[in-house]
Amino acid sequence: MEQLTPPQSENELIARASALAGRTLAELAMAHRLSLPMDLRRHKGWVGQLIEHALGASAGSRAIPDFAELGVELKTLPVDRRGLPCESTYVCTVPLEQINETWQQSWLRRKLARVLWLPIQADKEIALADRRIGSALLWSPSAAEEAMLRRDWEELTERIMLGEIEQISARFGEALQIRPKAANSRVLRHAIGADGEAILINPRGYYLRTGFTANILQQYSING
DNA sequence: AGCTGATCATAT
DNA sequence: ATATGATCAGCT
């Protein structure tokens with residue numbers, strides 16, 4: 001079941017993703033001749049890359065959507081035995097220097113405009129090989145969800161432009177949070193300091209809180 | 001048990 | 001270098 005060509009429509013993408021429901025990661029890895037790591041400690045992105053391969057995503061690590069022709073982003077969502085997300089979801093890096101973009105133009109909004117969510121069992125008691133893929137759902141933010149994201153983004157962006165990035169911890173934000181996103185804490189990047197001067201800090205990323213993604217899954221399970 | 005800050009691998 | 005894919009692991 002090698003699938004190398006990108007899906008040509010959302011329906012085709014959904015059909016491919018739906019066909020993965022209930023399958024184990026070992027089955028999928030074997031079908032695509034990929035080796036299964038012992039665990040994810042040194043292979044944190046392995047599940048996401050396996051699914052990209054299985055669905056025919058073509059973006060690689062370029063800064064374009066996973067399914068560029070469709071404008072759809074793929075996100076695997078690790079879930080626990082209750083079906084709730086175990087982890088926050090990385091969205092994009094946080095611009096730290098002069099930010100000229102509005103919410104409408106923002107990288108964050110564009111990234112989240114259309115997302116294929118694919119829940120995957122992530123309970124530590126289930127061996128990686130035996131973890132099963134759940135039911136995919138194709139999502140765009142509701143008006144309420146977008147309003148929440150926008151409030152967080154605008155408040156966080158304003159603080160960054162005021163030179164307060166060093167005071168922004170992961171506790172800020174209702175739907176979003178800003179956390180470090182780098183190879184390690186020694187990686188530095190220019191940002192705006194308290195007096196408008198250039199400072200060096202660890203690169204940051206925008207993440208969706210687990211409560212926000214849990215609500216996405218819940219809405220779809222209620223409404224079919 | 002959940003959250004925050006830190007980290008790991010690969011592609012371009 | 002910096003984007004992609006995320007999960008780890010210590011602290012509360």
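Here is how names work: the chains are called A, B, and so on, in the same order as the sequence lines, proteins then strands, and each is numbered from 1.
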For A/Q177, is there any backbone N or O sitting under 3.5 Å from a side-chain donor or acceptor partner on A/R179?
no
When rounded to whole Å, the CZ to P distance for the pair A/R186 and C/dA1 reads 16 Å
note: A/Y207, atom OH; B/dG5, atom P; distance rounded to Å ~ 11 Å
When A/N184 and A/R82 are each assigned the nearest nucleotide of DNA chain B, the 5'-most assignment goes to A/R82
Taking OP1 and OP2 of C/dT2, is either one under 4.0 Å from a side-chain nitrogen or oxygen of A/S61?
no
Rounded to whole Å, CG of A/L188 lies from P of C/dA1 at a distance of 12 Å
Is the closest basic N to carboxylate O distance between A/E27 and A/R23 below 4.0 Å? yes
For this session: Taking only the side-chain nitrogens and oxygens of A/K75, find out if one of them lies under 4.0 Å from OP1 or OP2 of C/dG5.
Result: yes
ask   = Does A/T89 place a side-chain N or O at less than 4.0 Å from the phosphate oxygens OP1/OP2 of C/dA6?
value = no
Requested in this report: Indicate whether OP1 or OP2 belonging to C/dT4 is found under 4.0 Å from a side-chain N or O atom of A/Y90.
Outcome: yes
| field | side-chain N/O A/R42 vs B/dA9 OP1/OP2, d < 4.0 Å | value | yes
TODO: Output yes when a side-chain donor or acceptor of A/R110 lies under 3.5 Å from a complementary backbone atom of A/Q105, and no otherwise.
DONE: yes
note: A/D39, atom CG; B/dA9, atom C1'; distance rounded to Å ~ 13 Å
- prompt: Would you say the base of B/dG5 and the side-chain of A/K181 have a donor-acceptor pair closer than 3.5 Å?
  reply: no
What I'd like to find out is whether the side chain of A/Y90 reaches to under 4.5 Å of the side chain of A/Y206, using heavy atoms alone.
no
Review point. Side-chain N or O of A/K124 less than 4.0 angstrom from OP1 or OP2 on C/dC8?
Key: yes
A/A175 backbone acceptor or donor facing A/D152 side chain under 3.5 Å:
yes
Here the distance between atom P of B/dT10 and atom CZ of A/R41, to the nearest Å, is 16 Å
#### Entry: Phosphate-side-chain proximity, A/Q49 and C/dT4, N/O vs OP1/OP2 below 4.0 Å
no
Item checked: Short side-chain N/O contact to C/dA3 OP1/OP2 from A/R189, under 4.0 Å -> yes
